[in-house]
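Structure record follows, encoded as structure tokens.
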Amino acid sequence: MRMRRLSLLLLLWMAGCGGGSGGSAGGGVATPPPAAPSSPGAGEWALNDPALFGSSLRQQARVAAESVGRWFAAHAQQQDAGLAWPASDRQPAPATGLENGAAGVGMFLLALAEKTGEPAHQALAIQAGDFILSRYAAGEFNGPDWLAGAAGTGEYMLALHRATGQARFLLGARRAGQYLAGQAHHEGAGVYWKHAPDHPKRYTGKAHGAAGIGEFLLALHEATGELQYLDLAEAAFVWLESQKLPLEPGGVGYRRLASDQFVYHAWCGGSAGVMPFLKRLHQVTGKALYRQRYLQVATGLVNRAEPRPQGESWRREDLADSPQFPAYCFGAGGVVEQLFNAYEASGEPLYLQHALAGASWLAAQARTLPKGRGHYWPMSADSAEFELGWHTGVGSVGRVLLRASAYEPRYRAEAEAAAILLLETAVRSQPQALQWWDRWRVASPAAAPEQFVGWHYGSAGIGMFLLQIDTP
């Protein structure tokens with residue numbers, strides 16, 4: 001009966017795609033834009049006019065986000081249990097994780113349901129959860145990490161439980177936690193996780209390592225009250241202590257891999273991504289050591305900020321020849337947001353000063369496409385390519401500049417310029433349903449671009465940024 005009800009909701013919602021949408025700002029769905037190029041950068045640019053989405057940028061962003069939801073509804077594939085999506089247009093197998101799977105799509109759908117009040121979005125998110133639960137039942141977790149594996153899908157289980165109150169999703173989160181406990185490798189009083197049995201590297205950070213896994217374990221402890229998950233998270237901190245290096249004066253940073261001999265500053269792999277775990281440890285336990293280490297990492301990032309004519313930037317690694325990228329995952333974007341967080345947690349004005357200097361550098365790196373109005377950020381200073389994703393490209397920088405606008409309102413316009421670029425480059429695969437290529441080249445075809453679905457590179461993450469723009 002529950003599945004029949006969910007299917008009916010989805011059918012009714014899809015049937016209404018051609019008319020008005022009660023969740024859209026300003027009334028109905030705007031006329032869909034013309035199709036974007038079949039290959040980004042190939043031939044003459046054929047950019048969308050954002051005005052075709054609505055009269056104001058907030059309305060345009062909302063309509064575009066709802067169109068992403070329609071794409072997911074139209075392309076969901078029935079599985080033995082639940083629904084899933086191909087990871088990309090060239091990877092037909094469905095995945096479970098946040099990066100390019102059902103969890104990443106589901107996180108966006110839950111956010112869209114909260115924003116619009118449309119129950120069909122949550123119905124689709126629930127079916128994505130059913131698919132993940134079926135993979136758990138088959139013993140398939142896709143490794144332990146946060147980005148594509150059990151820590152990330154477990155986080156999605158907790159999000160579904162909060163949104164629906166359905167106990168089976170909390171049970172699913174527990175299954176993920178039990179799997180992680182079984183995969184933990186003990187080293188003295190600490191624990192770490194191998195990325196996968198056939199990829200035994202030991203990572204520290206958010207995407208693949210102990211910090212991202214530890215964050216989920218803390219959330220699971222809070223949801224269940226079970227101390228085993230807190231104990232495991234604290235043991236992950238013990239292991240991370242063996243992976244830190246000094247960044248004088250008074251700072252520390254973390255390796256990306258246990259085999260590295262240098263600090264990795266960026267969010268996906270190193271110090272900036274370890275910081276949320278340290279902050280959460282302090283919030284959950286009240287232990288002063290965790291707050292002390294958190295602020296020492298922030299100080300380490302301040303110590304490695306490099307002055308530029310238009311602000312400050314950070315090298316990805318603590319090496320003189322390491323590149324400087326703008327993107328959230330592997331560049332300055334993730335560092336800047338963590339310094340904003342450190343300021344808000346501590347009141348230390350030095351962190352705010354350097355966060356704003358980093359935002360200034362990010363804004364200065366913006367470029368505009370021929371015949372376009374939106375802003376993109378080259379992958380590096382000498383690159384002709386740029387990415388679009390919420391963690392890897394235009395959406396990732398836009399989200400940080402939107403955060404900066406809380407302190408300096410001028411950055412709101414910079415964040416909106418990122419949203420305009422995303423509207424200009426959206427691919428309309430069918431009426432009122434949008435996708436994006438992951439990578440564009442300014443003057444010639446991009447090398448093998450793909451249309452991903454998930455949080456990291458793909459449409460789910462871009463949709464998350466558009467929902468952020470649809471906020472005063």
Side-chain angles (χ1 to χ4, degrees), residues 10 13-14 17 35-36 38-40 64-79 81-113 120-132 134-135 140 142 145-149 152-153 155-157 159-160 207 328-329 387-396 399 422-423 425-430 432-440 446 448-468:
L10 291 170
W13 180 56
M14 286 299 293
C17 285
S38 59
S39 177
E66 290 177 336
S67 296
V68 176
R70 291 189 181 88
W71 190 96
F72 286 128
H75 291 80
Q77 297 179 354
Q78 186 68 52
Q79 307 297 311
L83 298 172
W85 295 264
S88 78
D89 60 323
R90 289 197 272 122
Q91 299 180 43
T96 56
L98 291 169
E99 180 183 28
N100 282 311
V105 174
M107 286 290 202
F108 163 69
L109 291 168
L110 288 177
L112 188 59
H121 300 307
Q122 187 180 99
L124 199 58
I126 288 171
Q127 293 206 50
D130 288 338
F131 168 65
I132 295 170
S134 74
R135 298 298 84 211
E140 297 177 12
N142 199 37
D145 79 357
W146 176 83
L147 188 61
T153 53
E155 183 176 313
Y156 180 53
M157 291 291 104
L160 277 171
Y328 194 98
C329 176
E387 294 190 8
L388 300 182
W390 198 45
H391 287 147
T392 59
V394 171
S396 81
R399 67 189 279 194
L422 293 169
L423 297 174
T425 56
V427 176
R428 181 176 63 86
S429 59
Q430 62 191 68
Q432 299 176 356
L434 299 181
Q435 263 280 68
W436 282 266
W437 297 103
D438 68 315
R439 182 176 294 191
W440 289 66
E450 292 186 63
Q451 292 178 339
F452 288 101
V453 301
W455 240 22
H456 195 59
Y457 317 99
S459 294
I462 291 172
M464 294 291 283
F465 173 59
L466 293 172
L467 290 176
Q468 290 176 310

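Keep in mind the model is a prediction, meaning the values are calculated, not measured.
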Item to check | Counterpart residues, side chain to side chain donor-acceptor pair (under 3.5 Å), relative to Gln79 (two or more places apart) | outcome: none
Checklist entry - What's the spacing between Ser396 OG and Tyr457 OH if we round to 0.5 Å? => result 12.5 Å
Checklist entry - What distance do Phe131 atom CZ and Trp85 atom CH2 have between them, rounded to the nearest 0.5 Å? => result 9.5 Å
Checklist entry - What's the shortest heavy-atom distance between Ala460 and Gly104, and which atoms? => result CB-O, 3.5 Å
Next on the checklist: Distance check, rounded to the nearest 0.5 Å: Leu98 atom CG versus Met107 atom CE?
Outcome noted: 5.5 Å
Checklist entry - Nearest heavy-atom pair of Gly463 and Ala65: which atoms, and what distance? => result O-CB, 4.2 Å
Checklist entry - Quick one: ring-ring contact (aromatic ring centres under 6.0 Å, His included) partners of Phe465, sequence neighbours excluded? => result none
Item to check | Point-to-point distance, once rounded to the nearest 0.5 Å, from CG of Leu110 to CE of Met464 | outcome: 9.0 Å
Next on the checklist: Checking Trp390 now: which residues fulfil ring-ring contact (aromatic ring centres under 6.0 Å, His included) with it, not counting sequence neighbours?
Outcome noted: Trp455
Next on the checklist: Show me the pairs that pass salt bridge (charged side-chain N to carboxylate O under 4.0 Å, His left out) and involve residues 449-465, at least two apart or across chains.
Outcome noted: Arg90-Glu450
Next on the checklist: Ignoring hydrogens, what is the shortest heavy-atom contact between Ile132 and Ala103? Give both atom names and the distance.
Outcome noted: CD1-N, 3.8 Å
Checklist entry - Distance from His121 atom NE2 to Phe72 atom CZ, nearest 0.5 Å? => result 12.0 Å
Checklist entry - Looking only at atom types and distance, does a side-chain atom of Asp89 sit under 3.5 Å from a main-chain N or O of Gln451, one as donor and one as acceptor? => result yes
Checklist entry - Excluding sequence neighbours, so at least two apart, what forms ring-ring contact (aromatic ring centres under 6.0 Å, His included) with His391? => result Trp267, His456
Next on the checklist: Once side chain to side chain donor-acceptor pair (under 3.5 Å) is applied, do any residues pair with Thr153, and if so which ones, sequence neighbours excluded?
Outcome noted: Tyr136
Checklist entry - By salt bridge (charged side-chain N to carboxylate O under 4.0 Å, His left out), which residues pair with Glu387, not counting sequence neighbours? => result Arg439
Item to check | Test log, rule side-chain contact (heavy atoms from CB on, under 4.5 Å), inputs Thr425 and Trp437 | outcome: CA-CA 8 Å; Thr425 56; Trp437 297 103; over 6 Å; no
Item to check | Contacts of type side-chain contact (heavy atoms from CB on, under 4.5 Å), residue Ala148, not counting sequence neighbours | outcome: Glu99, Asn142, Asp145
Next on the checklist: For Tyr156, give me all partners under ring-ring contact (aromatic ring centres under 6.0 Å, His included), at least two apart in sequence or on another chain.
Outcome noted: none
Checklist outcome for this item: Note: Ala95 and Asn100 closest approach over all heavy atoms is CB-O, 3.7 Å
Next on the checklist: Within this structure, what is the CD-CG distance for the pair Gln78 and Leu83, rounded to the nearest 0.5 Å?
Outcome noted: 5.0 Å
Item to check | Contact summary for Val453 and Val105, nearest pair of heavy atoms | outcome: O-CG2, 3.8 Å
Item to check | Residue list, side chain to side chain donor-acceptor pair (under 3.5 Å) with Trp146, at least two apart or on another chain | outcome: Glu155
Checklist entry - What closest approach, in Å, do Ile462 and Gly389 show between heavy atoms, and which atom pair accounts for it? => result CG1-CA, 4.3 Å
